[in-house]
Amino acid sequence: MLRVPFLDVHAGYAELKDEVDAAVDRVLRSGQYILGPEVENFEQDFAAYCDAKYAVGVGNGLDALVLALRAVDIGAGHEVIVPSNTFIATWLAVSQCGAIPVPVDMDEQTQNIDSTCVKAAITSRTRAIIPVHLFGQPCDLDPIIQIAREHKLNIIEDAAQAHGARYRGRRIGAHSDMVSWSFYPGKNLGAMGDGGAITTDDKCLYDKLKKLRNYGSSVKYQHEYQGRNSRLDAVQAAILGVKLKWLDIWNERRKKIASMYLDALNDTDLILPHVLAQTDPVWHLFVIRHPERDKLQKKLDESGIDTLVHYPLPPGAQAAYASSEHTRADDSSLHMRAAMQNLSLPIGPHLDESQARRVIESIKNALA
Ligand SMILES: *Cc1c(COP(=O)(O)O)cnc(C)c1O
């Protein structure tokens, strides 16, 4: 029997082949390969989609974070508060600016940063907080925005997993100073290569970000900042413009799968994802918890179900951060336990209901 894949990105191309091929063809014929109208059109469409005034297309999600930090002058000697459990890019962006990532443990239910622990992590060197909307579940932003106001800190949301999600009815996109995005192919809005963006409502930050991604320049050979070369590719922008029109439809399909899982697995001893009342998640991942995760994963593998672990080793436990005593986590911390228990089930716009039913059946058999 065919395996149930974790995520089938090729099926996304197959569904939109004619539109995507036409968009790529248009760019190739245009002769405009760097910035220009394709990138500008996508930036406008994406900003509007996110309920934000401005979007700046950049090379990838990591660069989006780095450029956002640099736009508010974060550098050596500064500290930035990050979640303990996130993809390592959130931390690397801080380190690459010369600043120190200061981890705050997760909320047990949502696995997002525990806003009640943020205050205790603030020092005189703290400049910013990066809440991550992990797994496509928006963080409870209001308390974080409140703390940031009191302490005059910037907020940069890492929304690499949350395209289309809503907090208090409004899309993620400009609730705080800046929001960073990744268009890595496996994300909810994925390119066919690398890509990223920053959205904001702040005109000054928008103008600065446009320069920072392009050698610190807006007028050829005049350089205001020591900028990078990190521009959203015109071919990727054209592809993203096609896929943006499908994002809500594709997120609805994810939601359908998620509600099938939530309904069917409710009576098991698994811990299921928790959705806050003030949020509309977009189910980038569907993460369940079980104390014997490895055994469960093996049984599912034997019955043809692909699963993944997000994330087996949090950034603070990685070799990359071994020398930084700031970041050491002990095994009793909530995020270390989640790393041992989390298991991500197949979910995506091209997983059909019969595949989802096979996943459910296999889990019930494995737990029996
Ligand atoms: C994917 C991801 C990134 C990085 O995006 P890239 O485009 O791969 O650089 C950053 N943060 C989170 C939470 C992510 O999931």
Side-chain angles (χ1 to χ4, degrees), residues 6-7 9 42 46 55-70 80-97 101 103-104 106-107 110-113 128-139 141 144 155-165 172-173 176 178-199 213 228-233 235-237 239-240 243 251 254 273 281-287 308-316 318 320-321 335 338-339 342 344 347-348:
F6 184 74
L7 175 72
V9 285
F42 173 69
F46 188 61
V56 179
V58 300
N60 55 65
L62 173 59
D63 281 357
L65 286 164
V66 171
L67 291 166
L69 289 163
R70 290 196 48 189
V80 176
I81 292 172
V82 295
S84 302
N85 63 328
T86 177
F87 179 58
I88 197 168
T90 318
W91 288 43
L92 289 177
V94 177
S95 304
Q96 288 180 12
C97 291
V104 165
M106 62 176 219
D107 170 77
T110 63
Q111 301 208 23
N112 276 324
I113 194 165
I129 308 169
I130 310 184
V132 179
H133 305 300
L134 201 66
F135 310 152
Q137 304 268 2
C139 296
L141 284 170
I144 300 171
I155 296 180
I156 297 156
E157 296 161 61
D158 181 341
Q161 303 186 357
H163 316 73
I172 297 298
S176 65
M178 283 174 281
V179 181
S180 73
W181 303 89
S182 163
F183 305 124
Y184 179 83
K187 309 292 188 184
N188 289 45
L189 178 59
M192 288 165 185
D194 276 308
I198 303 126
T199 51
R213 73 166 173 193
R228 296 163 82 95
N229 173 3
S230 185
R231 301 167 295 217
L232 178 63
D233 186 88
V235 172
Q236 299 305 333
I239 293 170
L240 287 164
K243 293 187 78 179
N251 277 342
R254 287 176 182 270
V282 286
W283 302 104
H284 175 61
L285 296 170
F286 191 95
V287 179
L308 288 173
V309 171
H310 296 89
Y311 293 92
L313 208 54
Q318 295 282 351
Y321 283 98
H335 72 282
N342 278 356
S344 304
I347 194 163

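Not measured: the values here are computed from a predicted model. Order of appearance sets the numbers: ligands from 1, and atoms from 1 within every ligand.
The part of Asp158 lying near ligand 1 is the side chain, judged by heavy-atom distances below 4.0 Å.
For ligand 1, none of its N or O atoms has an N or O atom of Asp194 under 3.5 Å away. Considering backbone and side-chain N/O of Thr86, none are found under 3.5 Å from N/O of ligand 1.
Side chain of Asn85 to backbone of Pro314: no donor-acceptor contact under 3.5 angstrom is found. Listed for the Gln318 side chain is a donor-acceptor partner under 3.5 Å among the backbone atoms of Leu313. The closest donor-acceptor contact from the side chain of Trp91 to the backbone of Pro83 lies under 3.5 Å. Judged by distance alone, the side chain of Gln236 and the main-chain N or O of Met192 form a donor-acceptor pair under 3.5 Å. Panel note: side chain Ser84, backbone Val104; a donor-acceptor pair is recorded below 3.5 Å.
The shortest heavy-atom distance from Lys187 to ligand 1 is under 4.0 Å.
Ligand 1 places these atoms under 4.0 Å from at least one heavy atom of Ala160: 2 (C), 3 (C), 10 (C), 11 (N), 12 (C), 14 (C), 15 (O). The distance from ligand 1 to the heavy atoms of Val132 drops below 4.0 Å at these ligand atoms: 13 (C). Interface atoms of ligand 1 facing Gln161, defined by a heavy-atom separation under 4.0 Å, are 13 (C), 15 (O). Atoms of ligand 1 found under 4.0 Å from any heavy atom of Leu62 (numbered from 1 in listed order, with element): 4 (C), 5 (O), 6 (P), 9 (O).
Aromatic ring pairs are classed by plane angle as parallel below 30°, tilted from 30° to 60° and perpendicular above 60°; the pair Phe87 and Tyr311 is tilted. Between His163 and Phe46, the ring planes are tilted. Angles from 30° to 60° get that label.
For atom 10 (C) of ligand 1, the nearest non-hydrogen atom from the set Pro185, Ala89, Ala162 comes from Ala89.
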